[in-house]
**Student:** 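Can you read through this structure? Questions will come right after.
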Amino acid sequence: MAIQWFPGHMNAARKQVMETMAKVDMVIEIVDARAPASSSNPMLKQLRLHRQRPVLKILNKADLADPALNKVWLEWFRAQPGTEAILLGEGDKAAAVKRIPDLCRKIVPHRTGGVKPVRILILGIPNVGKSTLMNILLNRKVAKVADTPGVTQHIQRIDLSDGTIVYDTPGLLWPKIEYEEFGYRLALAGSVGRNAYSEEDVAWFAIETLTQRYPELLKQRYKLDSLDVELEALFQLIGRKRGAVLGGGRVDSQKTADLILTDFRSGTLGRITLETPADLDNLVPLGDEPEEDAESDAE
Ligand SMILES: Nc1nc2c(ncn2[C@@H]2O[C@H](COP(=O)(O)OP(=O)(O)OP(=O)(O)O)[C@@H](O)[C@H]2O)c(=O)[nH]1
């Protein structure tokens with residue numbers, strides 16, 4: 001089934017981004033530190049190969065991500081050709097953001113003679129925290145800060161007082177999701193519209209991921225003695241523990257899903273990163289999965 005996760009207006013924005021890429025010296029891509037690979041735009045890799053632009057990866061919301069994996073991802077990105085990377089979200093964010101223009105001048109030293117300004121394209125998926133960052137960077141309210149994905153709309157050229165030129169783009173997804181788990185991780189992080197994935201499916205994905213990667217955090221938050229039950233039973237148990245119960249004693253699935261997603265997104269569950277660089281070796285592109293269903297149908 002095709003997933004409706006790519007709103008129509010993003011097509012126009014995508015074309016604009018490709019054109020703007022030709023005018024800039026470098027790219028800043030803001031990714032979600034909780035899912036740094038899933039939130040990286042695959043289009044950017046292709047465009048950069050073509051145009052050879054260096055990139056600064058900003059791993060934002062680092063305060064919500066696993067501190068040990070923050071370090072791992074930082075090193076991993078830095079090992080990629082033409083790539084610098086920083087964490088953002090822990091500690092003094094304003095101070096860290098204000099250092100970004102200097103860092104950009106180091107990344108493109110041929111522009112730093114003072115004659116020509118450094119031109120930067122800023123990219124990031126919806127809800128990754130781009131507006132928040134831009135507001136600090138520009139030191140004035142130019143963009144709305146909101147929780148709803150896709151609020152920012154047009155590419156804006158902004159000239160900073162130090163001569164840097166910033167092209168700010170709307171929160172952007174890409175037309176085709178490459179891997180199923182990438183889509184779920186983005187949905188869990190709150191960057192994909194609610195019409196793409198059901199909240200219940202995303203909450204199930206959250207619990208499944210947590211049982212595998214952060215079982216202790218899951219047990220602690222929901223006061224669970226053991227996780228040694230089927231996923232469905234675990235979901236029900238969490239609903240009961242959190243009081244999401246309907247009149248007849250049935251668990252309110254929608255409310256349970258909502259509670260789990262809110263707990264994850266707010267950091268109440270703890271500092272969680274949904275993927276590691278090692279996971280990248282085991283991905284199966286969507287459409288290339290082994291046809292188990294076809295076999296079982298034939299039986
Ligand atoms: N915990 C945490 N929350 C953050 C951080 N940066 C942004 N946020 C929150 O993330 C949400 C989205 O931030 P925005 O700045 O509106 O994100 P955006 O990328 O501009 O979103 P779009 O307009 O949808 O493209 C807001 O609730 C912010 O308060 C961060 O570093 N840590």
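When a ligand or atom number is given, it counts from 1 through the structure's own listing order. Just the heavy atoms: all of them, side chains too, but no hydrogens, waters or symmetry mates, feed the values below.
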**Student:** Counting only heavy atoms closer than 4.0 Å, does ligand 1 sit against the backbone of Leu64, its side chain, both, or neither?
**Tutor:** side chain
**Student:** Relative to the heavy atoms of Lys93, which atoms of ligand 1 are at a distance of less than 4.0 Å?
**Tutor:** 5 (C), 6 (N), 30 (C), 31 (O)
**Student:** Any idea how Phe235 and Trp204 line up, ring-wise: parallel (<30°), tilted (30 to 60°), or perpendicular (>60°)?
**Tutor:** tilted
**Student:** Has the side chain of Asp66 got a donor or acceptor atom that lies under 3.5 Å from a matching backbone atom of Arg271?
**Tutor:** no
**Student:** What residue among Asn60, Thr132, Asp63 forms side-chain hydrogen bond (donor to acceptor under 3.5 Å, both in side chains) with Lys93?
**Tutor:** Asn60
**Student:** In ligand 1, which numbered atoms sit nearer than 4.0 Å to a non-hydrogen atom of Lys130?
**Tutor:** 15 (O), 17 (O), 18 (P), 19 (O), 20 (O)
**Student:** side-chain contact (heavy atoms from CB on, under 4.5 Å) with Ser39: which of Val31, Leu173, Asn127?
**Tutor:** Val31
**Student:** Check each atom of ligand 1 against the heavy atoms of Gly89 and keep those under 4.0 Å away; list them by number with element.
**Tutor:** 31 (O)
**Student:** Testing the basics here: between Leu133 and Val97, what is the closest heavy-atom pair and its distance to 0.1 Å?
**Tutor:** O-CG1, 3.9 Å
**Student:** Contact between Leu59 and Phe77 at the side-chain level, heavy atoms closer than 4.5 Å - yes or no?
**Tutor:** yes
**Student:** May I ask you to list the atoms of ligand 1 that are less than 4.0 angstrom from any heavy atom of Asn60?
**Tutor:** 5 (C), 6 (N), 31 (O)
**Student:** Counting only heavy atoms closer than 4.0 Å, does ligand 1 sit against the backbone of Thr132, its side chain, both, or neither?
**Tutor:** both
**Student:** Check each atom of ligand 1 against the heavy atoms of Gly171 and keep those under 4.0 Å away; list them by number with element.
**Tutor:** 25 (O)
**Student:** Salt bridge check: are Asp279 and Arg213 linked by an N-O gap of less than 4.0 Å?
**Tutor:** yes
**Student:** Pick whichever of Asp63, Ile136, Leu172 has a heavy atom sitting closest to atom 32 (N) of ligand 1.
**Tutor:** Asp63
**Student:** Take atom CG in Asp92; do more than 12 heavy atoms of anything else shown fall under 6.0 Å from it?
**Tutor:** yes
**Student:** List every atom of ligand 1 that sits less than 4.0 Å from any heavy atom of Ser131, numbering the atoms from 1 in the order shown and giving each element.
**Tutor:** 15 (O), 18 (P), 20 (O), 23 (O)
**Student:** Look at atom 12 (C) of ligand 1 and find which of Asn127, Leu133, Thr169, Leu87 reaches it with the closest heavy atom.
**Tutor:** Asn127
**Student:** Just checking, any donor-acceptor pair under 3.5 angstrom between side chains of Lys130 and Asn135?
**Tutor:** no
**Student:** Side chain, backbone, both or neither: which part of Ile30 has a heavy atom under 4.0 Å from ligand 1?
**Tutor:** neither
**Student:** I want to know if ligand 1 touches Pro170 in the polar sense, i.e. an N/O pair below 3.5 angstrom.
**Tutor:** no
**Student:** Using a plain distance cutoff, I'd like to know if Leu88 has any nitrogen or oxygen under 3.5 Å from a nitrogen or oxygen of ligand 1.
**Tutor:** no
**Student:** Does ligand 1 have an atom that lies less than 4.0 angstrom from a heavy atom of Met134?
**Tutor:** no
